[in-house]
Enquirer: 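Structure incoming, see below.
Since this is a predicted model, take the numbers as computed values, not measurements. Each chain gets a letter, A, B and so on, in the order the sequences are listed, and its residues count up from 1.
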There are 2 protein chains.
Amino acid sequence: MKLHVSPDIFPPRGHEAKRLSIVDAAATVFCREGFAGANIDLIAAEAGVSRQTIYNHHGDKEKLFVTVVRDLTERCNAGIFATIATFPDRPGDLEADLIGFAVRLNQNCICNRDGKFLRKLIQTEGERYPELFAEWREQGPGRTWPAIAARFARLAYGGYLTIEDPDVAARQFLGLVNAELQTTFMLGGSPREDEVLQSATNGVRTFLRAFGKRRSASSEKQSALASA
Amino acid sequence: MKLHVSPDIFPPRGHEAKRLSIVDAAATVFCREGFAGANIDLIAAEAGVSRQTIYNHHGDKEKLFVTVVRDLTERCNAGIFATIATFPDRPGDLEADLIGFAVRLNQNCICNRDGKFLRKLIQTEGERYPELFAEWREQGPGRTWPAIAARFARLAYGGYLTIEDPDVAARQFLGLVNAELQTTFMLGGSPREDEVLQSATNGVRTFLRAFGKRRSASSEKQSALASA
DNA sequence: ACAAATTTAGACACTCTTGTCTAAATCGTC
DNA sequence: GACGATTTAGACAAGAGTGTCTAAATTTGT
């Protein structure tokens, strides 16, 4: 027994470190090569570990793959919910605040390493592991989209937006702020920071043209001109 | 020597049929299994052809793969341009006409067999064949997006829409009408017809809320001119 | 420094896949 | 029916990858 501190981190130190570096390396290689194309020796080399150690930790290639996906899903979800918590409930400058939110969502959840990898794995292996990715669907979009919708509903209730269906509005918001990044996403790349900002800015402006509160004809015209 | 007619179509008839069925089957299997996971015997079985015939026709696995991608790109592009030709230049009912266009684009180009396969192959193998997919990027989005943008510019010029940047508007149009289909696309599935219609309807309505002509005619002209 | 646990390198059997080769069967045309 | 071209089934060698095993080396806790 460990009468020291943090009982579950202390004893296996290099042990757990190796486990992590294996999962990490496996994510990289599975994404780059696909499940069938990935080979264990490559993962071992990438992790700086012998092949046998991988088998000791994870049993076989398929178990390792499942671990990788669950790991990524968990971390991505945590990131998304953390970002949703920064959604502007009482915006000072609605446009700027929504742009900020969109950029954070993209940079911290969709374009970062985990987001990119998870997206790629879902796209490439989704059909082969229906249960695993059904789980992702429920835990991912199934939970995050309604959460974002709820935030938009709150903005509408607070008089900042005119929205009929918050769920539709949330999906369209995401579609708009990512509209210019589709090709990059397709090829598995990461957009530059300024591309993310540009796409978010254009998307939010259009979103507000559609759903923003119309004060009067003149002030509406002002904001349209100001944003151009 | 063939002194008959059409010297290069006549002699191989079942020959060319086999070539096509091989490319077809290969597309199916490459999409389902990925390049590394696809095996030639499976493709041969799917095509109803012996393995040797595949090698006779296409040389090796990689050449076959390249043929498949070029083939799909070509057919998809043709479909997209054919659909763009049906873009409503002088709409009677703008909303209904744009919804119709969006549905046609989805059903005939994005959700059909070729579109689904090409998307999947780009997502899964795009990083492995940079030149091949750079070519796709130029021939695909690089040509179709501006073509759609030009149509929107024409609608704006005709007084049907208020648009500052037609390229941005075109990308946002696509983002909006596909906003509700993202998850399905991710997993490689095909949305049902009613889902396509629903997404298109919601998307076009939001698009028109943002860019549709407002009642006051004078202010529109101003902003359109100011941003041009 | 000691003892237990973990990691390592390498060899190994096994399976799967690619691409070639050959001789027989089939097809399309005259 | 006969001829040339194409397709077929099957065997084959060569290579690559998975997962197991072992004995030696290393790390870790006491």
Side-chain angles (χ1 to χ4, degrees), chain A residues 1-26 28-68 125 128-129, chain B residues 1-26 28-68 125 128-129:
Chain A
M1 308 280 177
K2 285 85 202 179
L3 13 92
H4 309 295
V5 281
S6 46
D8 37 350
I9 305 178
F10 224 121
R13 209 173 54 217
H15 188 72
E16 199 60 20
K18 285 206 187 288
R19 171 175 232 102
L20 279 211
S21 92
I22 291 170
V23 175
D24 239 47
T28 304
V29 177
F30 279 136
C31 282
R32 199 176 55 225
E33 317 281 346
F35 178 80
N39 92 18
I40 299 283
D41 294 288
L42 213 65
I43 296 174
E46 183 100 9
V49 153
S50 82
R51 180 173 61 248
Q52 185 58 46
T53 301
I54 293 182
Y55 286 105
N56 288 344
H57 277 277
H58 296 98
D60 65 15
K61 192 179 175 182
E62 185 156 329
K63 287 204 191 73
L64 175 57
F65 178 73
V66 172
T67 300
V68 166
E125 310 293 341
R128 192 188 311 285
Y129 296 86
Chain B
M1 307 285 170
K2 286 87 200 175
L3 14 91
H4 310 294
V5 282
S6 47
D8 37 351
I9 305 179
F10 221 121
R13 210 176 52 217
H15 188 71
E16 200 60 22
K18 286 209 186 287
R19 172 177 232 101
L20 279 212
S21 92
I22 289 170
V23 175
D24 239 48
T28 304
V29 177
F30 279 137
C31 282
R32 200 176 54 225
E33 318 281 346
F35 178 81
N39 92 17
I40 300 282
D41 294 288
L42 214 65
I43 296 174
E46 183 98 7
V49 150
S50 81
R51 178 173 62 246
Q52 185 57 46
T53 302
I54 293 183
Y55 285 106
N56 288 345
H57 277 277
H58 296 97
D60 66 14
K61 192 178 174 183
E62 185 156 327
K63 287 204 192 72
L64 174 58
F65 178 73
V66 171
T67 300
V68 166
E125 311 293 341
R128 192 188 311 285
Y129 296 85

Enquirer: Whole-Å distance between C:dT20 C1' and B:I54 CD1?
Expert: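 Whole-Å distance recorded here is 15 Å.
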
Enquirer: Would you indicate whether the side-chain heavy atoms of A:V29 and A:N39 approach each other to under 4.5 Å?
Expert: no

Enquirer: Between CZ of B:R19 and CD1 of B:I54, what distance do you get to the nearest 0.5 Å?
Expert: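 Atom-to-atom, B:R19:CZ and B:I54:CD1 are 12.0 Å apart.
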
Enquirer: Which atoms of nucleotides 10-12 of chain D (N or O only) lie under 3.5 Å from a protein N or O atom, and what are those distances?
Expert:
residue: D:dA11; atom: N6; partner: B:R51; partner atom: NH2; Å: 3.0

Enquirer: Over how many whole Å does the gap from B:K61 atom NZ to C:dT17 atom P extend?
Expert: 9 Å

Enquirer: Strictly below 4.0 Å: does B:H57 bring a side-chain N or O up to OP1 or OP2 of D:dT6?
Expert: no

Enquirer: Specify the closest pair of heavy atoms between A:R32 and B:R128, including all atoms of both residues, with the distance to one decimal.
Expert: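 Where A:R32 meets B:R128 most closely, the heavy atoms are O-NH2, 3.6 Å.
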
Enquirer: Under the side-chain contact (heavy atoms from CB on, under 4.5 Å) rule, what do A:D24 and A:V68 come out as? Steps first, then yes or no, please.
Expert: CA-CA 8 Å; A:D24 239 47; A:V68 166; over 6 Å; no

Enquirer: D:dT28 P sits how many Å from A:E16 CD, rounded?
Expert: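 Roughly 14 Å, once rounded to whole Å.
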
Enquirer: Show me the side-chain donor-acceptor pairs of residues 40-49 of chain B shorter than 3.5 Å, one per line, residues at least two apart or across chains.
Expert:
residue: B:D41; atom: OD1; partner: B:R51; partner atom: NH1; Å: 2.3

Enquirer: Can you tell me the distance, in whole Å, between the CG atom of B:D60 and the P atom of C:dT18?
Expert: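 Those two atoms, CG and P, are 11 Å apart.
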
Enquirer: Can you check the A:Y55 OH to C:dT8 P distance for me, whole Å?
Expert: 15 Å

Enquirer: Report yes if a side-chain nitrogen or oxygen of B:S50 is closer than 4.0 Å to either non-bridging phosphate oxygen (OP1 or OP2) of D:dA9; otherwise report no.
Expert: no

Enquirer: Taking CG from A:N56 and P from D:dT27, how many angstroms apart are they, rounded to a whole number?
Expert: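 Result: 17 Å.
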
Enquirer: Can you list, by residue number, the residues of residues 37-44 of chain B that have a non-hydrogen atom closer than 4.0 angstrom to DNA chain D?
Expert: none

Enquirer: Which residues satisfy the side-chain contact (heavy atoms from CB on, under 4.5 Å) test with A:D60, sequence neighbours excluded?
Expert: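 A:E62, A:K63.
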
Enquirer: Find the distance B:L64:CG to C:dT17:C1' and express it as a whole number of Å.
Expert: 15 Å

Enquirer: Which part of the nucleic acid does A:H58 contact within heavy-atom distance under 4.0 Å: base, sugar-phosphate only, or nothing?
Expert: nothing

Enquirer: Among residues two or more places apart or on two chains, list those pairs meeting ring-ring contact (aromatic ring centres under 6.0 Å, His included) that have a residue in residues 32-63 of chain A.
Expert: A:H15-A:H57, A:F30-A:F35, A:F35-A:F65

Enquirer: Measuring to OP1 and OP2 of D:dT8, would you say a side-chain N or O of B:K18 lies under 4.0 angstrom away?
Expert: yes

Enquirer: A:T28: what forms a side chain to side chain donor-acceptor pair (under 3.5 Å) with it, not counting sequence neighbours?
Expert: A:R113

Enquirer: Report the distance from atom CD1 of A:I22 to atom C1' of C:dT7, rounded to the nearest whole Å.
Expert: 10 Å

